[in-house]
2 protein chains.
Amino acid sequence: MHGRTNLTAMRLMDACEHLLCEAEALEDLTARRIAIEAHATPSAISYHFGSQEELVAAVAERVYRRLNAERLSLLRKAVDRRAPEPPDLDEVIAALVGPSIRWSLDPTSSYPVLSHFTSMAKTHRERAPHYRRIIDNVQHHRAFVPHLKRIAPWLDDVDIGWRLNCALGIRSQVTRSRSRTEVLTNYSIDLDDPDIVIARMVEVIAPMFRR
Amino acid sequence: MHGRTNLTAMRLMDACEHLLCEAEALEDLTARRIAIEAHATPSAISYHFGSQEELVAAVAERVYRRLNAERLSLLRKAVDRRAPEPPDLDEVIAALVGPSIRWSLDPTSSYPVLSHFTSMAKTHRERAPHYRRIIDNVQHHRAFVPHLKRIAPWLDDVDIGWRLNCALGIRSQVTRSRSRTEVLTNYSIDLDDPDIVIARMVEVIAPMFRR
DNA sequence: GACGGATTTCGAATGCCGTTCGAAACCGGT
DNA sequence: ACCGGTTTCGAACGGCATTCGAAATCCGTC
């Protein structure tokens with residue numbers, strides 16, 4: 001009964017993820033192509049997931065979980081290194097934005113799934129529950145708040161949340177609007193080197209948390 | 001011969017702009033609907049613009065021109081007010097991000113056209129020339145560089161461009177990922193008041209340009 | 001080992017979509 | 001009134017996601 005623990009449901013998710021990674025644009029992803037790659041038929045998508053949208057959402061959620069696990073692992077590492085003192089600000093920021101940057105530059109990662117997913121959410125009605133559930137899930141971002149508060153105790157929760165949100169915006173701009181970033185920086189920054197990009201981002205975000 | 005100065009070409013652009021503003025999602029925009037609203041037929045779109053994509057691009061370009069004119073006018077005002085001294089940093093930042101913020105909050109503005117356009121560019125192959133022409137056009141952003149350089153002479157052009165790009169990322173996050181911004185700030189900031197939002201953004205962006 | 005109900009797969013059909021194309025209509029100058 | 005160029009139209013095309021009833025498969029029970 002519409003189970004997604006089914007074998008072909010799994011194969012559909014894998015095929016969808018793979019196709020999204022290869023796809024240059026979202027329009028390259030069609031139910032027929034997914035079906036072929038999964039050795040199934042298009043109707044299997046509707047049967048197991050309800051719609052193609054929901055399949056993509058399920059795949060995106062899976063990828064998000066991997067990315068967030070990496071983020072939180074880096075955060076924990078940063079905290080443990082200095083405990084019981086507050087963690088190093090630069091390291092916390094790198095934990096927040098680093099995984100996204102690295103994934104977006106790693107051709108073997110599933111990062112394209114996430115960017116295609118957000119653009120799909122905008123193309124279709126964003127309010128749909130299976131979108132909101134994923135987009136509004138900011139647990140993994142909230143985890144950064146208490147530690148940033150220890151670093152900048154003069155900021156309240158709203159200030160911290162606002163700055164966190166701004167940092168994520170900078171991250172998105174760099175990972176998703178690459179050509180604009182290139183032009184504005186005169187092609188003088190090596191945007192393929194994650195360490196350089198992360199250092200540049202820290203350089204800009206850290207001052208938000210200083211007096 | 002495929003002219004876009006034609007009367008029905010104009011009516012198609014107006015219809016497309018209007019529909020994009022009303023549209024909750026990009027999928028609500030169809031060639032047939034545009035045609036009906038413009039008292040024409042779908043084939044008129046192909047005839048005058050080549051494709052629906054190119055019609056949307058033409059409309060977006062028109063809206064961008066209006067937005068950028070407003071930006072540059074504010075910049076000029078900021079420069080003139082202090083000349084020959086360097087302009088006020090906060091005022092320059094407000095000129096950069098203010099119009100986007102105000103438009104995005106003004107229900108009578110055509111801001112939805114721009115967000116729908118960028119999401120369309122992501123859905124289809126972004127490299128297409130009629131996208132790149134608009135997306136990579138950063139003339140109006142470059143105009144900010146020399147004035148920011150006078151304010152922060154210790155930064156070189158690349159540093160300034162990078163910070164400009166980051167500021168635009170923050171702007172996009174606030175205007176386009178509203179629900180995330182709401183959640184992260186605990187619904188404690190009145191995101192409907194442009195002055196409050198702009199002040200919050202200045203508060204975060206200005207430190208990037210200070211020592 | 002065969003049966004029978006639930007689950008899964010399949011393939012044809014449906015109704016949208018953007019676009020194409022040839023014919024009709026329209027236009028301004030002769 | 002005619003005519004060449006321009007514009008409009010409507011029917012058709014291929015592709016899309018999805019629906020649905022029929023086939024097939026699976027599995028606990030007899």
Side-chain angles (χ1 to χ4, degrees), chain A residues 1-16 19-20 23-60 116-117 119-125 128-131, chain B residues 1-17 19-20 23-60 116-117 119-126 128-131:
Chain A
M1 50 67 112
H2 303 254
R4 55 205 65 181
T5 59
N6 187 282
L7 183 73
T8 62
M10 286 299 179
R11 270 193 279 118
L12 284 171
M13 286 181 71
D14 292 340
C16 181
L19 240 42
L20 274 175
E24 199 178 334
L26 235 180
E27 60 179 349
D28 294 338
L29 186 81
T30 71
R32 282 165 172 85
R33 277 202 256 264
I34 299 172
I36 289 172
E37 176 132 348
H39 300 289
T41 56
S43 27
I45 295 172
S46 302
Y47 177 73
H48 287 288
F49 297 90
S51 69
Q52 184 185 143
E53 277 184 56
E54 284 167 295
L55 166 57
V56 175
V59 171
H116 285 315
F117 170 73
S119 98
M120 190 183 80
K122 287 202 195 310
T123 303
H124 302 77
R125 355 204 130 275
H130 53 273
Y131 289 135
Chain B
M1 55 59 115
H2 305 254
R4 55 204 66 182
T5 58
N6 186 283
L7 183 74
T8 63
M10 286 300 180
R11 269 191 279 118
L12 284 171
M13 287 181 71
D14 292 340
C16 181
E17 180 170 338
L19 241 41
L20 274 175
E24 201 178 331
L26 234 181
E27 61 179 348
D28 294 337
L29 186 82
T30 74
R32 283 165 170 89
R33 275 202 257 264
I34 299 172
I36 290 172
E37 177 131 349
H39 300 290
T41 57
S43 27
I45 295 172
S46 303
Y47 177 73
H48 287 287
F49 296 90
S51 70
Q52 184 184 136
E53 276 185 55
E54 286 167 293
L55 166 57
V56 176
V59 171
H116 286 315
F117 170 72
S119 99
M120 190 184 80
K122 287 203 194 311
T123 303
H124 302 78
R125 354 205 133 274
E126 244 170 321
H130 53 275
Y131 289 136

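Since this is a predicted model, take the numbers as computed values, not measurements. Each chain gets a letter, A, B and so on, in the order the sequences are listed, and its residues count up from 1. What's counted below: heavy atoms across the whole structure, side chains too, no hydrogens, waters or symmetry copies.
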Is the phosphate of [N], meaning OP1 or OP2, less than 4.0 Å from a side-chain N or O of [X]?
{"X": "A:N6", "N": "C:dT8", "answer": "yes"}
{"X": "B:T8", "N": "D:dT8", "answer": "yes"}
{"X": "A:H48", "N": "C:dT7", "answer": "no"}

Take atom [atom1] of [X] and atom [atom2] of [N], then tell me their distance rounded to the nearest Å.
{"X": "B:E27", "N": "D:dC16", "atom1": "CD", "atom2": "C1'", "answer": "13 Å"}
{"X": "A:E54", "N": "D:dA17", "atom1": "CD", "atom2": "P", "answer": "15 Å"}
{"X": "A:L7", "N": "C:dT7", "atom1": "CG", "atom2": "P", "answer": "18 Å"}
{"X": "A:D28", "N": "D:dG15", "atom1": "CG", "atom2": "C1'", "answer": "14 Å"}
{"X": "A:R33", "N": "D:dA17", "atom1": "CZ", "atom2": "C1'", "answer": "14 Å"}
{"X": "A:L12", "N": "C:dC10", "atom1": "CG", "atom2": "P", "answer": "10 Å"}
{"X": "B:R11", "N": "D:dT8", "atom1": "CZ", "atom2": "P", "answer": "8 Å"}
{"X": "A:E53", "N": "D:dC16", "atom1": "CD", "atom2": "P", "answer": "17 Å"}

Just to be sure I understand the rule, does [X] reach a base, reach only the sugar-phosphate, or reach nothing, if contact means heavy atoms closer than 4.0 Å?
{"X": "A:A44", "result": "nothing"}
{"X": "A:S43", "result": "base"}
{"X": "B:L29", "result": "sugar-phosphate"}

Practice task
Apply side chain to side chain donor-acceptor pair (under 3.5 Å) to B:T123 and A:T123, showing your working.
Solution key: CA-CA 8 Å; B:T123 303; A:T123 303; 3.2 Å; yes
When you get a sec, tell me which of [options] is the closest nucleotide to the side chain of [X]?
{"X": "B:T30", "options": "C:dT19, C:dC17, D:dA17", "result": "C:dC17"}
{"X": "B:Y47", "options": "D:dT18, D:dA17, D:dT6", "result": "D:dT6"}
{"X": "B:R32", "options": "D:dA17, D:dG10, D:dA12", "result": "D:dA12"}
{"X": "A:S46", "options": "D:dT8, C:dT20, D:dT19", "result": "D:dT19"}

Handout entry: Sidechain N-carboxylate O distance under 4.0 Å for A:R33, A:E37
Key = no
Exercise for the section: With the side chain counted from C-beta on, respond yes when B:R125 and A:E27 share a heavy-atom pair under 4.5 Å apart, and no when they do not. Expected result: yes
Practice task
State, yes or no, whether a side-chain contact exists between B:I45 and B:I34 at a heavy-atom distance under 4.5 Å.
Solution key: yes
Exercise for the section: Answer yes or no: is there a donor N or O on one side and an acceptor on the other, between the side chain of A:D14 and the main chain of A:R11, under 3.5 Å? Expected result: no
